[in-house]
Amino acid sequence: MNIDEQVELLMQGTEYGDEDLKKAMTAELRERLIQAQKEGRPLRVYCGYDPTSTDLHLGHTITMRKLRQFQDLGHEVTFLIGSYTALVGDPSDKNKARPILTQEQVAANGKTYADQAFRVLDPAKTKIRENGEWLSKLTLVDLIRLGQNFTVQQFLARENFANRLEKGEPIFLHETFYALMQGYDAAAMETDIQVGGTDQLFNIIVAGRKLQEALGQKPLVGVICGILPGTDGIQRMSKSMGNIVPITSTADDMYGKVMSVPDAAMSKYYRLVTRLSPHEIDEVERAVAAGTMHPRDAKMKLAREITSIFYGDAAAEAAQENFIKMFQQKEVPDEMPEYSLKAGETVFDVILAAGMAESKSKARGLIDQKGVRLDGETLERGDIPFPHPGVLQVGKRRFLRVK
RNA sequence: GGGCGGUUACCCAAGUGGCCAAAGGGGACUGACUGUAAAUCAGUUGUCAGAAGACUUCGAAGGUUCGAAUCCUCCACCGCCCA
């Protein structure tokens, strides 16, 4: 791959929110690649992950995919676990301060993060480090010195702080340390390239570069990845929005979740979380635009690709077949929870016992709305004894085999 | 530390003694239509009850009243201004 192609691939899916910045970063990236080639040394690339929960979702894999691209081009990739930054909580993507985690939680989460990351990254070529390694050694004086490189105004100008200020929501002092800590990570590792989401723009472009410069290093190149919308297609994918595709979900589930993503978000999914080259993606989009490819088929290709990244081709193929059977041909799924009918139980009893509705009122509502079927027949009442064993379907996708 | 304002259901938010289980919007859910997409249309969205209705709920606890989300007292938390 020549330098131009490398730059194109590495800049795919990036978003800077500012054309000039993007141009500048692209130019710097090119320069670094050339320089690295000349000197015959790999670039030091990293992305940090704060282990704030146990489950990673597709949104987290965007930057991993980007790291993987660097890895495949022969560069040195560090998967940095933010053991210390997680203690502070990144204010970037929240309108509220994050809950403070204990050191034990952080340690436990960090472990599972690395394991999950290796579904995308090449374990043999990945360094795993924790930022506690160097952040724990900073003294108060060190921290104060770091703070001398920034003004309060710079922080208040940040979009999310500015919003909170405007709305009268609290901004805690400790939140401002986050950027300093992250910037220091970059300096401590003498980073060439830092990868992160658009919410990290400030931390990377302002904090990281400035601190490196202050410490006499060449400022890093920020590769800022776009944000993946969740399954609703609008809000960013995040656990609290309930629109995530967990990377630990089953192949069938992953395939189905990707299929439920609105068309409008397809392009982002292709660019941010697949292994396809910019060229191949263009081809798919052209075909859809020209009408030679059905948008549904483009999405099936996407769902299959994503499932394959995590489960391999065979499982992705199987997931696709299940999907076709279940939803395109309206057959009931092969596997579903089972329930043993007890004497005298009504339809309501079964629905509630199986957790298919939260309360009897909700169940009543579902029946009234013709949302409950037994072997395909709509049930009119819920207070009658359960008619006969069979497949109970509540809504579109909740199934129960009643025996 | 002082002054003022706020806390309503999943979220935002209206409501300042009875007509309040509580407007409106968003979200979620169901049905129709579809490509398990979007858009659109119709409906549901505190719990129990077949229905009438009953019960619990407007930050917490007490109180006034025939009756309180609404008035009073105290407590907790948040914001703004002044230090």
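We name chains A, B, ... by the order of the sequence lines, and we start the count at 1 in each one. Computed from a predicted structure; not experimentally measured.
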Chemist: If the condition is ring pair (Phe, Tyr, Trp, His ring centres under 6.0 Å), which residues does A:Tyr113 pass it with, not counting sequence neighbours?
Modeler: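 A:Tyr113 satisfies ring pair (Phe, Tyr, Trp, His ring centres under 6.0 Å) with no residue once adjacent residues are dropped.
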Chemist: Tell me, please, which residues at least two apart from A:Phe327 pass ring pair (Phe, Tyr, Trp, His ring centres under 6.0 Å).
Modeler: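 Here the qualifying residues are A:Phe323.
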Chemist: To the nearest Å, give me how far apart CD (A:Glu380) and P (B:G31) are.
Modeler: 14 Å
Chemist: Report all interatomic pairs (protein N or O, nucleotide N or O of nucleotides 20-28 of chain B) with separations under 3.5 Å.
Modeler:
none

Chemist: Could you write nucleotides 52-57 of chain B as a row of B, S and -, 5' to 3', where a protein heavy atom under 4.0 Å of any base atom gives B, of only sugar-phosphate atoms gives S, and otherwise -?
Modeler: ------
Chemist: Shortest non-hydrogen contact from A:Tyr16 to A:Val223?
Modeler: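 Result for this residue pair: OH-CA, 3.4 Å.
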Chemist: Which residues pass the ring pair (Phe, Tyr, Trp, His ring centres under 6.0 Å) test with A:Phe202, not counting sequence neighbours?
Modeler: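 Once residues adjacent in sequence are excluded, the partners of A:Phe202 under the ring pair (Phe, Tyr, Trp, His ring centres under 6.0 Å) criterion are A:Phe155.
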Chemist: Scan residues 248-255 of chain A against RNA chain B and write down, sorted by residue number, each residue with any heavy atom closer than 4.0 Å; if none is found, say none.
Modeler: none
Chemist: Is there any salt bridge (charged side-chain N to carboxylate O under 4.0 Å, His left out) pair reaching into residues 68-87 of chain A, and which pairs are they, with sequence neighbours excluded?
Modeler: A:Arg68-A:Asp72, A:Glu76-A:Lys127
Chemist: Assess, by modelled atom type and distance only, whether the side chains of A:Thr250 and A:Tyr311 contain a donor and an acceptor separated by less than 3.5 Å.
Modeler: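 Their side chains do not contain a donor-acceptor pair, so the 3.5 Å distance test is not met.
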Chemist: Crowded around A:His388 NE2? As in, over 12 foreign heavy atoms under 6.0 Å?
Modeler: yes
Chemist: With sequence neighbours excluded, what pairs up with A:Glu31 under the side chain to side chain contact (heavy atoms under 4.5 Å, CB included) test?
Modeler: A:Lys218
Chemist: Does A:Gln12 offer a backbone N or O that forms a donor-acceptor pair with the side chain of A:Lys66 under 3.5 Å?
Modeler: yes
Chemist: Rounding to a whole Å, what distance do you find between A:Glu377:CD and B:G31:P?
Modeler: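 Answer to the nearest Å: 16 Å.
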Chemist: Would you kindly compare A:Lys257 and A:Ile234 by the position of their nearest RNA chain B nucleotide and give the one closer to the 5′ end?
Modeler: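 Looking at RNA chain B, the more 5' nearest nucleotide goes with A:Lys257.
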Chemist: Under 3.5 Å, which donor-acceptor pairs do the side chains of residues 363-370 of chain A form with other protein atoms, sequence neighbours left out?
Modeler:
residue, atom, partner, partner atom, Å
A:Gln369, NE2, A:Gly365, O, 3.1

Chemist: Between A:Arg373 and B:U30, is there a side-chain N or O to OP1/OP2 distance below 4.0 Å?
Modeler: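 For B:U30, neither OP1 nor OP2 has a side-chain N or O of A:Arg373 closer than 4.0 Å.
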Chemist: Just how far, in rounded Å, is P of B:U34 from NZ of A:Lys396?
Modeler: 13 Å
Chemist: Provide the full list of side-chain hydrogen bond (donor to acceptor under 3.5 Å, both in side chains) pairs with a residue in residues 185-194 of chain A, sequence neighbours left out, each pair given once.
Modeler: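 Non-adjacent pairs meeting side-chain hydrogen bond (donor to acceptor under 3.5 Å, both in side chains): A:Arg32-A:Asp192, A:Arg41-A:Asp192, A:Tyr46-A:Gln194, A:Asn131-A:Asp185, A:Trp134-A:Asp185, A:Gln182-A:Gln194.
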Chemist: Check side chain to side chain contact (heavy atoms under 4.5 Å, CB included) between A:Ala265 and all other residues, then give those that pass, not counting sequence neighbours.
Modeler: A:Pro229, A:Val261, A:Tyr269
Chemist: I need the CG-C1' distance between A:Asp383 and B:G50, as an integer number of Å.
Modeler: 7 Å
Chemist: How is A:Val394 classified with respect to the nucleic acid when contacts are heavy atoms under 4.0 Å: base, sugar-phosphate, or nothing?
Modeler: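 No contact at all - A:Val394 keeps every heavy atom at 4.0 Å or more from the nucleic acid.
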Chemist: Grab the NZ-P distance between A:Lys325 and B:G35 for me, whole Å please.
Modeler: 21 Å
Chemist: For B:U7, give its Watson-Crick or G-U wobble partner with both distances under 3.5 Å, or none.
Modeler: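 Result: B:A76.
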Chemist: So which of residues 350-372 of chain A are in contact with RNA chain B, with a heavy-atom cut-off of under 4.0 Å?
Modeler: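 Here the set is A:Ser359, A:Lys360, A:Ser361, A:Lys362, A:Arg364, A:Leu366, A:Gln369, A:Lys370, A:Gly371.
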Chemist: Between A:Arg271 and A:Glu285, does any NZ, NE, NH1 or NH2 come within less than 4.0 Å of an OD or OE carboxylate oxygen?
Modeler: yes
